[in-house]
Q: 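Questions regarding the structure given below will be posed in turn.
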Amino acid sequence: MRNSYVAGGHKRLYHACMTNARIADELELIADLLEFQGANPFRVRAYRNGARVVRDMPEPAEAIARNPHRHLAEYEGIGADLSDKIQTLATTGSLPFLDDLKAKVPQSVLALLRIPGLGPKKAAALHKELQITTLEQLRDACQAHRVRELKGFAAKTEDMILAGIDQAATATERIYWAEADVIAQALVNYLDAGEGIEKIEVAGSYRRGKETIGDLDLLVVSPSPDTVMDRFGQYDDVEMVIVRGDTKMSVRLHSGLQVDLRVVPAESFGAALQYFTGSKDHNVILRGLAKDKGLKVNEYGVYRLAGQGNNDQEQYVAGRTEEEVYQAIDLPWFPPEIREARKEFEWAAQGRLPQLVALQDIRGDLHMHTTESDGQDSLEAMIAAAQSRGLEYIAITDHSQRVSMANGLNGERLRQQWKRIDELNTSLRGIRVLKGVEVDILEKGPLDIEDQVLAEADWVVASVHYGQNQPRAQITARIVGAIKNPHVSAIAHPTGRLINRRKAYEVDLDAVFQAAGDYGKLLELNSNPARLDLDDVQCAAAKARGIPIVISTDAHSTLGLTVIRYGIMQARRGGLTKADIANTRPWDELRKLIGKSSARID
Ligand code: DGT
Ligand code: CA
Ligand code: CA
Ligand code: ZN
């Protein structure tokens, strides 16, 4: 569930630019409301699947909806009915079906749905049994311990709900980098197609590749700032101009996102790019180092201070490019992803900035699903897509049986799938398909698939999907237990967080790192833009402990393979190099990392 649909009821007044993310949010809301009403689970699931398909689309659903030669049902997982609804949503910005659904539940119930850990079913129970419709009533009921009396609720649930209410109240409106990217690219293309743009860049947290973005910061070099700002104001997606000056303008888009535009002289472009890329903390250190050298840095350039605080004596020494700005202070150019005032200046002082991992370093993808569980595309289609992306190997890791809603596989079905993979491998050229599974770590601890079956896999990722509200010691013990299983290769999405939607479960990551190190296991950086789990800081911590990271897509469709770029960016923010990432190695080398080599013969 996203919180944007609750906070942003007004957004539906506008229909310009229904982004895929917004359409997906609406579909999720439909699923929530249906579930709240106790609708057929398969119907609910169809909307959730639809939301994911739309979120993963590499092109705007709105463009398909408006193109008479295209049809949304081209996408696997979108049937005729869903296709009609998306069409209406994308082209008109609203959907009568959704409006009807909403009319049937009290508006304030929508707020209940967004409490992490509550969900539509529990919200329905609270509504029915305790007539709760507002967060205030819910808080009171929890504090009066009336909630724990209900079937399916416990004292723990009350604590969780109370924490959830606080989280929902402070929930921010930051959007995923992937969403900001779609908006930023469209805007840059639009501006660039107009008159008078000599240079254009997006700075700020977007350029640093942060997992969420507060606002966009555009920099432009132009001989005619007014022309550029006029055109900016005319952009379809602009809801209102917040402020406009001679060279600076801020607007709000229909989605609520703010965009700041600054027009700067060419000789200041590098300085402005450096300044507005930030981070603020990185720039504070930079200015300090400059000052020690008798220099001053601001958004216009680097200046030598001749006199004592006499502005007339300042002499411009650099500013046209970022490289020359840093060079003027005897510093190397820093990749934007590491400008967070963590280790970067220390590395620079030692002359060893890391060579950050890049997309072309990736050789394989070790987490993906097919139609055998809850994927949208067949085994063959996933292989073909991986081949066309130039991957040398992939692991097919469908869900295990515990995940029944995803049609998870038992040992028998896994063996059938693996037999099929063996057959396919005999004729495949240039790619190798690994027999894998995403095995659930069950609530009580053991794995969802017997060891004899796991022993036949090339690659096993273990993950926690159930019992996420257990205490820290219990969840940690489950994960450490999985790490100790000799057949497990890696732990998938190790903290379980969903950005803006669900907090990480309680887990002692240090203990997980320790166990992974001791038992030679790997940890995943899941590239899904809503997960990015491990995060940047955790990746750096894993590296410090010598744990190799696997960057995986967790693709549920062929399109899902494209999200690898978000994972790469997060790894770069963590300062990781090619050597720190396991799947930059050929499979035969990677296999040795997980100690599987001795057990296998080709
Ligand atoms: P966001 O938008 O919250 O995702 O994060 P940023 O980093 O894009 O922050 P934003 O948009 O407020 O400002 C962009 C950059 O401009 C920021 O990283 C550093 C620079 N900057 C902005 N305001 C200030 C300021 O008051 N002092 C300093 N030193 N730098 C600033
Ligand atoms: Ca910003
Ligand atoms: Ca800004
Ligand atoms: Zn998965």
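As the structure lists them, so they are numbered: ligands from 1, and atoms in each ligand from 1. Residue numbers count from 1 along this sequence.
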Q: Just grab all the salt bridge (charged side-chain N to carboxylate O under 4.0 Å, His left out) pairs involving residues 255-264, residues at least two apart or on different chains.
A: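 Qualifying pairs: none.
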Q: Can you name the N/O/S atom of Glu438 that is nearest the Zn ion (ligand 4)?
A: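 Distance check against the Zn ion (ligand 4) picks out OE1 in Glu438.
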Q: Please determine which of Arg572, Lys280, Arg208 meets the salt bridge (charged side-chain N to carboxylate O under 4.0 Å, His left out) test together with Glu340.
A: Arg208
Q: Measure from the Zn ion (ligand 4) to every N/O/S atom of Asp554 and report the name of the nearest one.
A: OD1
Q: How wide is the angle at the Zn ion (ligand 4) between NE2 in His367 and NE2 in His369, to the nearest 10°?
A: 110°
Q: Have Trp333 and Glu322 got a donor and an acceptor in their side chains that come within less than 3.5 Å?
A: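 Side chains of Trp333 and Glu322: pair found under 3.5 Å.
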Q: Taking atom types as modelled, is there a side-chain donor on Asp215 or Tyr206 under 3.5 Å from an acceptor on the other?
A: no
Q: How about the Ca ion (ligand 2), which protein N, O or S atoms come within less than 3.0 Å?
A: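 As for protein N, O or S atoms lying under 3.0 Å from the Ca ion (ligand 2), they are Asp215 O, Asp215 OD1, Asp217 OD2.
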Q: Is it true that Glu443 and Arg402 have a side-chain N and a carboxylate O under 4.0 angstrom from each other?
A: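 Salt bridge between Glu443 and Arg402, a charged N being under 4.0 Å from a carboxylate O: yes.
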Q: Supply the atom-to-atom distance Asp181 CG to Glu179 CD, rounded to the nearest 0.5 angstrom.
A: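 CD of Glu179 is found 10.5 Å from CG of Asp181.
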Q: Just checking, any donor-acceptor pair under 3.5 angstrom between side chains of Gln401 and Asp440?
A: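 There is no such pair between these side chains.
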